[in-house]
There are 2 protein chains.
Amino acid sequence: MKLAVSTSEKAPYHHGDLRRSLLDAALGILHRDGIGAVSLREVARVAGVSHNAPYRHFPSRDALLAGVAAEGFGRLRARLEAAGDDLAAMGEAYLAFAVAERPCFLLMFGSSLCKANFPDLASAALEALRALDRVASGRAVSGGDACEIRTIGPATLRAWAIVHGFAHLVADGQLSLEAASRALAADGTAP
Amino acid sequence: MKLAVSTSEKAPYHHGDLRRSLLDAALGILHRDGIGAVSLREVARVAGVSHNAPYRHFPSRDALLAGVAAEGFGRLRARLEAAGDDLAAMGEAYLAFAVAERPCFLLMFGSSLCKANFPDLASAALEALRALDRVASGRAVSGGDACEIRTIGPATLRAWAIVHGFAHLVADGQLSLEAASRALAADGTAP
DNA sequence: CTGCTATGTTGACGCGGACAACATGAGGAA
DNA sequence: TTCCTCATGTTGTCCGCGTCAACATAGCAG
């Protein structure tokens with residue numbers, strides 16, 4: 001035990017940032033064996049702690065999943081922002097995320113977790129949408145620190161709807177990435 | 001026990017179509033208490049049978065949920081077909097279904113069940129899409145009895161993607177039905 | 001040093017999924 | 001009719017999981 005993290009920033013207590021380890025373990029299990037296999041006990045096992053240790057960091061299983069999903073939204077947002085100001089590239093990035101992180105994508109949008117119960121998750125999701133909005137609506141958004149979809153423009157919603165629809169088809173395995181990509185390019189930025 | 005069903009068609013064995021009762025009970029629990037509350041034991045309790053009776057009709061909990069989802073696709077298809085040949089009306093019908101049967105809608109598209117494991121579910125989903133395709137692609141589809149999305153035209157896929165995207169936003173509670181309806185009308189049938 | 005609090009452990013309870021063995025009743029065969 | 005067979009439903013059981021409670025320990029504050 002007491003393995004110091006590579007970047008020995010704080011190494012808080014016994015384990016040395018168990019919260020981080022739990023989130024990583026959960027994401028690993030999620031991608032390897034699907035969401036059904038993500039149990040608190042299994043996560044604890046992988047992280048090398050007792051079956052109740054996770055409760056010091058997450059009040060419930062859903063809270064842990066919400067944490068994983070929130071980080072997923074963070075990665076999605078990073079991909080979208082990396083696409084620059086090109087709306088079509090953002091659509092591609094969205095599709096790519098749905099494919100590369102399929103299980104996490106399904107968790108994020110599967111609605112097994114009610115966003116109302118997890119403010120951090122809701123705001124992470126909103127932040128990802130804002131990245132899209134900055135380009136689709138052509139304006140920077142400032143105020144309203146969380147939870148208000150009304151700060152998102154209608155053009156963004158439309159773009160999101162169609163991109164997400166295709167991403168869902170691809171994630172469901174009902175459509176190839178190439179076909180979706182082509183369809184998206186054909187539709188793409190046009191109103 | 002042995003309550004004869006109103007339409008005493010067959011009354012197969014002891015219970016008189018337990019499979020039907022289980023599906024109904026599961027749908028009721030799903031709508032009342034959410035998907036997490038749909039356990040085989042609770043369903044059996046509601047149906048008034050022992051905790052293991054469901055296994056004579058469904059090999060697993062997921063199989064039961066798949067049955068519920070398949071019937072959901074049947075109802076969605078009925079709504080779409082009732083919309084006639086009007087693509088905009090079909091979009092409305094899709095949204096209306098997502099709102100009226102929100103928990104079931106989330107089950108159907110939540111992807112906690114892998115369609116590959118449940119052929120009946122996959123074909124039910126495909127049939128619903130075909131109803132859309134008949135109008136969006138303007139042609140009747142005949143062959144390929146199941147599981148091949150390639151028999152669905154690209155125009156249909158595009159229409160489905162955007163409608164489903166908005167339906168997802170509404171089901172998630174992030175957008176009002178009216179706003180989605182308006183956005184859909186604005187986009188609607190235009191390519 | 002002493003005690004406080006955050007963190008992790010051990011133990012327990014009840015629920016739910018799944019399997020096995022048994023019971024029962026319907027329908028066909030003799 | 002009588003008996004056999006199998007589909008259907010029941011009882012009993014096992015194990016894993018989520019969650020609570022009680023306890024142990026490590027780092028920090030005074």
Side-chain angles (χ1 to χ4, degrees), chain A residues 1-5 8-26 28-30 32-68 107 112-114 117-118, chain B residues 1-5 8-26 28-30 32-68 107 112-114 117-118:
Chain A
M1 300 193 190
K2 281 253 200 140
L3 296 176
V5 186
S8 60
E9 296 182 343
K10 287 177 64 181
Y13 278 92
H14 312 75
H15 178 272
D17 206 347
L18 180 55
R19 184 188 161 88
R20 181 70 269 136
S21 300
L22 292 171
L23 287 170
D24 290 344
I29 298 169
L30 176 63
R32 196 159 351 97
D33 303 318
I35 191 172
V38 183
S39 68
L40 281 180
R41 289 171 114 102
E42 179 64 19
V43 168
R45 226 167 276 136
V46 170
V49 292
S50 78
H51 68 267
N52 252 350
Y55 280 93
R56 298 295 160 185
H57 300 271
F58 302 96
S60 70
R61 174 179 183 264
D62 278 0
L64 171 63
L65 291 178
V68 173
L107 169 66
S112 62
L113 332 162
C114 174
N117 298 339
F118 302 103
Chain B
M1 299 191 188
K2 280 254 199 139
L3 297 176
V5 187
S8 59
E9 296 182 343
K10 289 177 64 181
Y13 279 91
H14 312 74
H15 178 272
D17 206 347
L18 180 55
R19 185 188 159 88
R20 181 71 267 136
S21 299
L22 292 172
L23 288 169
D24 291 343
I29 298 169
L30 176 63
R32 195 160 351 97
D33 303 317
I35 191 172
V38 182
S39 67
L40 282 179
R41 289 172 114 103
E42 180 63 18
V43 167
R45 227 167 274 136
V46 170
V49 291
S50 78
H51 68 265
N52 250 353
Y55 280 94
R56 297 295 159 185
H57 299 271
F58 302 96
S60 71
R61 174 179 183 264
D62 277 0
L64 171 62
L65 291 177
V68 172
L107 169 65
S112 61
L113 334 162
C114 176
N117 298 339
F118 303 102

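In what follows, every chain begins at residue 1, and chains take the letters A, B, ... in the order their sequences are listed. Excluded from the calculations below are hydrogen atoms, water molecules and symmetry mates; all remaining heavy atoms, backbone and side chain alike, are included.
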Nearest whole Å is fine: how far is [N] [atom2] from [X] [atom1]?
{"X": "Asp62(B)", "N": "dG16(C)", "atom1": "CG", "atom2": "C1'", "result": "13 Å"}
{"X": "Leu65(A)", "N": "dC17(D)", "atom1": "CG", "atom2": "P", "result": "14 Å"}
{"X": "Asn52(A)", "N": "dG16(D)", "atom1": "CG", "atom2": "P", "result": "16 Å"}

Checklist entry - Using a cut-off of 4.0 Å on non-hydrogen atoms, how would the nucleic acid contact of His57(B) be classed: base, sugar-phosphate, or nothing? => result sugar-phosphate
Checklist entry - What nucleotide, of dG18(D), dG9(D), dT9(C), holds the atom closest to the side chain of Val49(A)? => result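 Shortest atom-to-atom distance from the side chain points to dT9(C).
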Checklist entry - What nucleotide, of dT8(D), dG8(C), dT13(D), holds the atom closest to the side chain of Arg56(B)? => result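 Nearest to the side-chain atoms of Arg56(B), counting from C-beta on, is dT8(D).
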Output side-chain donor-acceptor pairs under 3.5 Å for residues 37-49 of chain B, partner residues at least two apart or in another chain, one line each.
| unit_1 | atom_1 | unit_2 | atom_2 | d |
| --- | --- | --- | --- | --- |
| Ser39(B) | OG | Glu42(B) | N | 3.0 |
| Glu42(B) | OE1 | Arg45(B) | NH1 | 2.5 |

Next on the checklist: Can you pull out the residues from residues 34-45 of chain B that lie within a 4.0 Å heavy-atom distance of DNA chain C?
Outcome noted: Ser39(B), Leu40(B), Arg41(B), Arg45(B)
Next on the checklist: Run the salt bridge (charged side-chain N to carboxylate O under 4.0 Å, His left out) test against Asp24(B) and tell me which residues pass, sequence neighbours left out.
Outcome noted: Arg20(B)
Next on the checklist: Any N or O donor-acceptor pair under 3.5 Å from the base of dG12(D) to the side chain of His51(B)?
Outcome noted: yes
Checklist entry - What pairs meet the side chain to side chain donor-acceptor pair (under 3.5 Å) rule with one or both residues in residues 48-60 of chain A, with sequence neighbours excluded? => result none
Item to check | side-chain N/O Tyr55(B) vs dG9(D) OP1/OP2, d < 4.0 Å | outcome: no
